Amino acid sequence: MLPRPMVSKNDLAALSKGDKDVSLSALVREWLTTSETVERQGRPPGDDSPLVPKWTPPREDPLSGVVPVTVATPALPRRRRQILPHPTRRLAVLIDVATTAASSADALFAALVDQGTVSVCRAYGDFTSAISRAWWPTPLQQHGIQPYHHFGEAHDQRALVALTIDAVDLARESAVDVVVIVGDLVSLHPLVQRLNYSGIQVIAVGTTPTPDDVRTLCHEFVDLSSEPGSDGSGKHSA
């Protein structure tokens, strides 16, 4: 911090005695001159740029001879405006492992790269069954998928019910922008309708035999039956 200029004792004594040659305005001008000198001494060598005036002494009223007292108001700091990038969509990937092959996991997430950021990734099914056992544990670990295990019997729909409840909860809480449903979408037609009513976009990921009415409800359909690397990467507009 730069030292503040001091008023000499002689000037204060002159003021107290009523000396007409030393006025308040003269003292202020002397203070400003000293302040400018101190500020220039604190600058780097060779910096001769003009000083920014911080305060201007008020002029004496010629009629009344009274110097108006003004209070300098500090300037408000200016905040730089930054152009924020377009927000990235948050994806919730919900997989029915009973109707989705574990070998298609790489193709699934490759197709979702340009769709947004995967915020929620869950897999539902009975991982002790022969159909779903291939998901455990390598595909789940490689892609950061959280397993939701449900013991199932023949023609059991527990996993689909759990998937449906979680999708509705995510939509109600506005936790994501897009719900990606992976698996057999025939039984999930009411869920797609419910998500559309909530304003949540739905990406359906399944195989070619997916019914047209389900494809129509979804914003996009990804066909996992297409071979990875083929033209279009198996993606079709719903």
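Bear in mind that the values here come from a model prediction, so they are computed numbers and not experimental data.
- Looking at heavy atoms from C-beta onward, Pro139 lies out of side-chain contact with Ile145 at the 4.5 angstrom threshold.
- Considering every non-hydrogen atom in both Ala204 and Cys218, the closest pair reads CB-SG, 3.3 Å.
- Using modelled atom types, one finds a donor on one side chain and an acceptor on the other under 3.5 Å when comparing Arg194 with Ser198.
- A pairwise comparison of heavy atoms in Asp126 and Ser129 identifies O-OG, 2.8 Å as the closest pair.
- Of all non-hydrogen atoms in Ala167 and Leu195, the two that sit nearest each other are O-CD2, 3.7 Å.
- In this structure, a donor-acceptor pair under 3.5 Å is present between the side chains of Asp166 and Tyr124.
- The aromatic ring centres of Phe151 and His149 sit less than 6.0 Å apart.
- In terms of heavy atoms, His219 sits closest to Ile200 at CE1-O, 4.1 Å.
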> Hey, mind stepping through Leu94 and Val182 against side chain to side chain contact (heavy atoms under 4.5 Å, CB included) and telling me if it holds?
Replying inline: CA-CA 6 Å; Leu94 309 180; Val182 186; over 6 Å; no
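- In terms of modelled atom types and a separation under 3.5 Å, the side chain of Thr99 and the main chain of Asp184 share a donor-acceptor contact.
- Asn196 places a side-chain N or O within 3.5 Å of a backbone atom of Leu217 that can act as its donor or acceptor partner.
- Atom OG of residue Ser103 and atom CG of residue Leu108 lie 11.5 Å apart, to the nearest 0.5 angstrom.
- No side-chain donor-acceptor contact under 3.5 Å links Arg122 to the backbone of Val93.
- Using modelled atom types, one finds no donor on one side chain facing an acceptor on the other under 3.5 Å when comparing Glu220 with Gln201.
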> Passes side chain to side chain contact (heavy atoms under 4.5 Å, CB included), Thr128 versus Trp136? Steps please.
Replying inline: CA-CA 9 Å; Thr128 62; Trp136 193 278; over 6 Å; no
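- Looking at Ile203 and Val178, their side chains come closer than 4.5 Å, going by heavy atoms from C-beta outward.
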>> Run the side chain to side chain contact (heavy atoms under 4.5 Å, CB included) test on Val202 and Ile181 for me, step by step, so that the C-alpha distance in whole Å, both residues' side-chain angles and the decisive distance to 0.1 Å come before the verdict.
In response: CA-CA 7 Å; Val202 180; Ile181 303 176; 4.1 Å; yes
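- The two residues Gly206 and Phe221 have their closest heavy-atom pair at N-CE1, 3.8 Å.
- Linking Ile, Leu, Val, Met, Phe, Trp and Tyr whenever their side-chain heavy atoms come within less than 4.5 Å leaves Ile131 and Leu188 in two separate clusters.
- The two residues Arg89 and Leu91 make their nearest non-hydrogen contact at O-CD1, 3.6 Å.
- Put simply, OG on Ser187 and CG on Asp96 are 9.0 Å apart, with the number rounded to the nearest 0.5 Å.
- Within the 4.5 Å cutoff, the side chain of Arg90 has no heavy atoms near those of the Thr117 side chain.
- A heavy-atom distance below 4.5 Å is found between the side chains of His143 and Asp106.
- Distance check: Leu163 CG to Gln157 CD gives 11.0 Å after rounding to the nearest 0.5 Å.
- Between the side chain of Trp135 and the main chain of Thr100, a donor-acceptor pair closer than 3.5 Å is present.
- For the 3.5 Å distance criterion, the side chains of Asp213 and Thr216 fail to qualify, holding no donor opposite an acceptor.
- Counting only heavy atoms from C-beta outward, the side chains of Val192 and Val179 never approach each other to under 4.5 Å.
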